[in-house]
Amino acid sequence: MASATTVRTAAQFSRRGLIAAGTFGLASAAGLGVLAPASAAELGAEAPTGAEEWTEEFFTRPETREGFLVDAMDDWQLANAKFIIAAVKGHDLGEEVAVIALITAIVESWLYNYEPAVDADSGGLFQQRPSMGWGTYDQVRHKQHALDAFLGLAEDTDAPGLLQAIPDVTRWDAGAAAQTVQRSAHPERYAEQVTAARQIWKRYASEVAPFTA
């Protein structure tokens, strides 16, 4: 039996704590991706203080991949979401393409430009792999390049992006479109984030200018 000194507080297992530890899972890494738990406040529970008292509510609390909360996005996530919208608008693409890009970034990286390679050599907002033709180590972690590659608009990548793989993308289901590009072992996870992605678009699209650099 573990001693009392080995008991860890719930705060150690916060989403940001996992990111800082370099263990924040991604969609293609053993199902840990968007399963990473949010903070107690985000889950609607009181944050623990002092010595823990593990309760039945804690033992049985549902913690699903649908726990991405638009209202709980931090500054980095918000900036990345706005950039995706701005760049999509800059390419004269609309809401449907933005939603596909947003759900992909939410599922793959929780809207962080993730640095360490967790699943093989994957990295960045879209967890693209250099070994699969998405660009160099630095390119897949460069937000503009990563998004252009995902959209199929980058000139120096071998992997087929969204508009290359699906010319009539606006007629597709968003989750199916994301899966066509990403080829995830868990294709159902993209559709789970459509509501959040549309909420982000409706909330910020009107205030974000197109990015055309």
* Using the side-chain contact (heavy atoms from CB on, under 4.5 Å) rule, take Leu125 and Phe150 through it: C-alpha gap first, then chi angles, then the decisive distance, then the call. => CA-CA 10 Å; Leu125 280 171; Phe150 174 79; over 6 Å; no
* Evaluate side-chain contact (heavy atoms from CB on, under 4.5 Å) for Lys82 paired with Leu78, printing each intermediate quantity in order. => CA-CA 6 Å; Lys82 287 183 175 181; Leu78 179 56; 3.9 Å; yes
* Asked: Could you walk me through whether Ile103 and Glu192 pass the side-chain contact (heavy atoms from CB on, under 4.5 Å) check?
  -> CA-CA 8 Å; Ile103 65 173; Glu192 293 172 355; over 6 Å; no
* Kindly determine whether Tyr112 and Asp74 satisfy side-chain contact (heavy atoms from CB on, under 4.5 Å), including the steps that lead there. => CA-CA 10 Å; Tyr112 288 105; Asp74 63 26; 2.4 Å; yes
* Pair His142-Asn113, side chain to side chain donor-acceptor pair (under 3.5 Å): steps then yes or no -> CA-CA 8 Å; His142 186 283; Asn113 191 37; over 6 Å; no
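Heavy atoms only, all atoms of each residue included: Ala149 and Trp134 are closest at O-CZ3, 3.2 Å. Contact between Val194 and Ala174 at its shortest, heavy atoms only, is CG2-CB, 4.1 Å. The heavy-atom pair separating Ala209 from Ala86 by the smallest distance is O-CB, 3.3 Å. Of all non-hydrogen atoms in Ala72 and Gln77, the two that sit nearest each other are O-OE1, 4.2 Å. Of all heavy-atom pairs between Ile100 and Ala177, the closest is CD1-CB, 3.6 Å. The nearest pair of heavy atoms linking Ala205 to Ile85 is CA-CG2, 3.9 Å.
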Show me, pair by pair, the donor-acceptor contacts under 3.5 angstrom made by side chains of residues 156-165, not counting sequence neighbours?
from: Asp156; atom 1: OD1; to: His145; atom 2: NE2; distance (Å): 2.9
from: Asp156; atom 1: OD2; to: Gln139; atom 2: NE2; distance (Å): 2.8
from: Gln164; atom 1: OE1; to: Gly161; atom 2: N; distance (Å): 2.7

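Looking at Phe68 and Ile200, their side chains come closer than 4.5 Å, going by heavy atoms from C-beta outward. Inter-residue side-chain proximity for Ser184 and Arg189 is flagged as unmet; no heavy-atom pair is nearer than 4.5 Å. In this structure, Arg129 and Val140 have side chains that are not in contact, with every pair of non-hydrogen atoms separated by 4.5 Å or more.
Distance alone, capped at 3.5 Å, places no donor-acceptor pair between the Gln193 side chain and the Tyr190 backbone. Put simply, the side chain of Arg141 gets close to the backbone of Tyr137: a donor and an acceptor are under 3.5 Å apart. A donor-acceptor pair is defined here as one N or O able to donate and one able to accept, closer than 3.5 Å; such a pair exists between the side chain of Asp121 and the backbone of Ser131. Counting only distance, with no hydrogens or angles, the side chain of Gln182 and the backbone of Phe126 share a donor-acceptor pair below 3.5 Å. Checked by atom type and distance alone, the side chain of Gln128 never pairs as donor or acceptor with a backbone atom of Gly123 at under 3.5 Å. A donor-acceptor distance shorter than 3.5 angstrom exists from the side chain of Asn80 to the backbone of Leu111, with no hydrogens or angles considered. Panel note: side chain Gln127, backbone Ser109; no donor-acceptor pair is recorded below 3.5 Å. Side-chain atoms of Asp168 do not come within 3.5 Å of backbone N or O of Arg171 as any donor-acceptor pair.
Among pairs with a residue in residues 85-96, those fulfilling salt bridge (charged side-chain N to carboxylate O under 4.0 Å, His left out) read Glu95-Arg198, Glu95-Lys202, Glu96-Arg198, at least two apart in sequence or across chains.
Under the ring-ring contact (aromatic ring centres under 6.0 Å, His included) criterion, Tyr204 pairs with no residue at all, not counting sequence neighbours.
Ionic pairing of Asp71 and Arg203 is present here: one or more N-O contacts between side-chain nitrogen and carboxylate oxygen are shorter than 4.0 angstrom.
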